[in-house]
Amino acid sequence: MSATPHVSIPQSLDEPVPMTLPRLAEKKRLGEPIAMVTAYDYPSAQVAQAAGVDVVLVGDSGAMTVLGYASTVPVSVDEMLMLAAAARRGLKTPLLVGDLPFGSYEGSDEQAIATAQRFIKEAGCDAVKLERGGTSAERARAIVQAGIPVMGHVGLTPQTATALGGYRAQGRTAERALQVAYDALALQGAGCFSIVFEAIPAAVAEALVPRLEIPVIGIGAGPATDGQVLVFHDLLGIYDGHTPRFAKRYGEIKAQMVAGVADYVTEVRSRAFPGPEHAYSIDEQELEQFNRGLALSAAG
Ligand code: KIV
């Protein structure tokens, strides 16, 4: 077996090149906005791939958008791994980040490393994401030292929303904004390759982004971040639970899906579906022989 790692070489100069950590860092340096979206299965990942996104996050928001939980808290590692593995199969070029679910990394460095390794080995993720500063920065450091790239997440951290007073914007006082800054710097210091800012004032993000060397991806953090992320189901109008103020809708796909299935139901009930074009034919002679055979078997 060759010791040379496999390097995939683009077939033509037009073929999209896989996203890597150095390319992501380069994008920040060049001021090229980074487009990130969540995906939770094969079709949503294929959509992200075809749309040319840079980074796909298998977010624990999937707990709510695809698994129907009331929050992100109950989702298990096994459930997240199944979603992430399906997304992996739909992707070629975007960087794939798996969200470590609540309770799967906070306990100890060993627990954090073991969970992160499962996302890489079993689901094929390129990196993992975890929430908050404080002890999470220590866990991030341990995972990075184990050779796994980590994305941080500060501001509104849904896994601990109750402790933050609910799903509300963070960093709206000088003291709380400084806490966001300390958390972000701690995660950068721990070796995170990128960080998500969720639901913080645009002016706070604007002040912090130039002070961070790593790319900052915003969701509800205004236009000054190095990139943006949206939840797939919010972006396309698939999820009809609470949609945060920052989630711009670029489609109304659920309405289209309901209309399509309702048309199908109507046509089934009126026998308009299936039409001749949806049916298979049989040679006339074969059919006659078949009918004779049926008659004989009924008579005998
Ligand atoms: O789970 C998720 O979708 C996220 C994004 C909102 C960043 O963490």
Side-chain angles (χ1 to χ4, degrees), residues 24 33-41 44-45 47-48 53-77 79-84 86-87 94-106 115-116 119 123 125 127-133 136 140 149-161 164 166-171 180 183-184 187 192-200 205 214-222 225-236 238-239 241-249:
L24 216 56
I34 297 162
M36 172 165 147
V37 74
T38 66
Y40 315 99
D41 57 14
S44 56
V47 169
V53 309
D54 300 307
V55 182
V56 167
L57 169 69
V58 181
D60 61 356
S61 51
M64 300 166 78
T65 55
V66 298
L67 298 179
Y69 291 118
S71 78
T72 60
V73 168
V75 72
S76 69
V77 172
E79 286 170 322
M80 287 298 299
L81 288 175
M82 196 184 72
L83 303 182
L95 193 82
L96 179 61
V97 182
D99 223 355
L100 301 184
F102 179 70
S104 73
Y105 61 93
E106 302 90 330
T115 307
F119 275 77
C125 289
V128 296
K129 178 168 86 58
L130 48 66
E131 293 188 4
R132 298 189 310 120
S136 287
V150 179
M151 175 179 270
H153 182 157
V154 298
L156 172 56
T157 46
Q159 294 177 1
T160 46
L164 296 174
Y167 292 88
R168 54 204 332 219
Q170 299 297 306
V180 172
D183 288 344
L187 286 161
C192 288
F193 71 92
S194 173
I195 189 160
V196 169
F197 279 7
E198 178 165 353
I200 64 168
I214 56 177
V216 175
I217 313 291
I219 175 162
T225 53
D226 302 303
Q228 298 290 331
V229 56
L230 278 182
V231 167
F232 189 85
H233 289 55
D234 290 341
L235 187 165
L236 290 177
I238 304 174
Y239 181 64
H242 169 71
T243 305
R245 168 198 171 97
F246 53 69
K248 181 171 176 185
R249 280 206 175 186

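These figures come from a predicted structure and were not determined experimentally. Whatever order the structure lists them in is the order used to number ligands and atoms, beginning at 1. No hydrogens, no waters, no symmetry mates; every other heavy atom, side chains included, goes into these values. Position 1 is the first residue of the sequence; numbering continues from there.
- Contacts of L57 with ligand 1, taken as heavy-atom pairs under 4.0 Å, involve the side chain alone.
- Remark: V229 pairs with M36, I217, I219 by the side chain to side chain contact (heavy atoms under 4.5 Å, CB included) rule, at least two apart or across chains.
- Atoms of ligand 1 lying under 4.0 Å from any heavy atom of T38, numbered from 1 in the order shown and given with element: 3 (O).
- Q228 places a side-chain N or O within 3.5 Å of a backbone atom of G222 that can act as its donor or acceptor partner.
- Under a 3.5 Å cut-off, the side chain of T72 and the backbone N or O of A63 do not form any donor-acceptor pair.
- With a 4.0 Å heavy-atom cut-off, ligand 1 is reached by the side chain of H153 but not by its N, CA, C or O.
- Between the Q170 side chain and the V180 main chain, no donor and acceptor come within less than 3.5 Å of each other.
- Counting atoms of ligand 1 from 1 in the listed order, those under 4.0 Å from a heavy atom of V231 are 3 (O).
- Considering every non-hydrogen atom in both D226 and P215, the closest pair reads OD2-CA, 3.4 Å.
- Set against the non-hydrogen atoms of I219, the atoms of ligand 1 under 4.0 Å away are 6 (C).
- The backbone N or O of L100 lies less than 3.5 Å from a partner atom in the side chain of Q159, making a donor-acceptor pair.
- At least one N/O-N/O distance between D99 and ligand 1 falls below 3.5 Å.
- Distance alone, capped at 3.5 Å, is enough to place a donor-acceptor pair between the T38 side chain and the F232 backbone.
- Considering both main-chain and side-chain atoms, S61 comes within under 3.5 Å of ligand 1 through a nitrogen or oxygen pair.
- Atoms of ligand 1 lying under 4.0 Å from any heavy atom of G59, numbered from 1 in the order shown and given with element: 1 (O), 2 (C), 3 (O).
- Ligand 1 lies less than 4.0 angstrom from a heavy atom belonging to K129.
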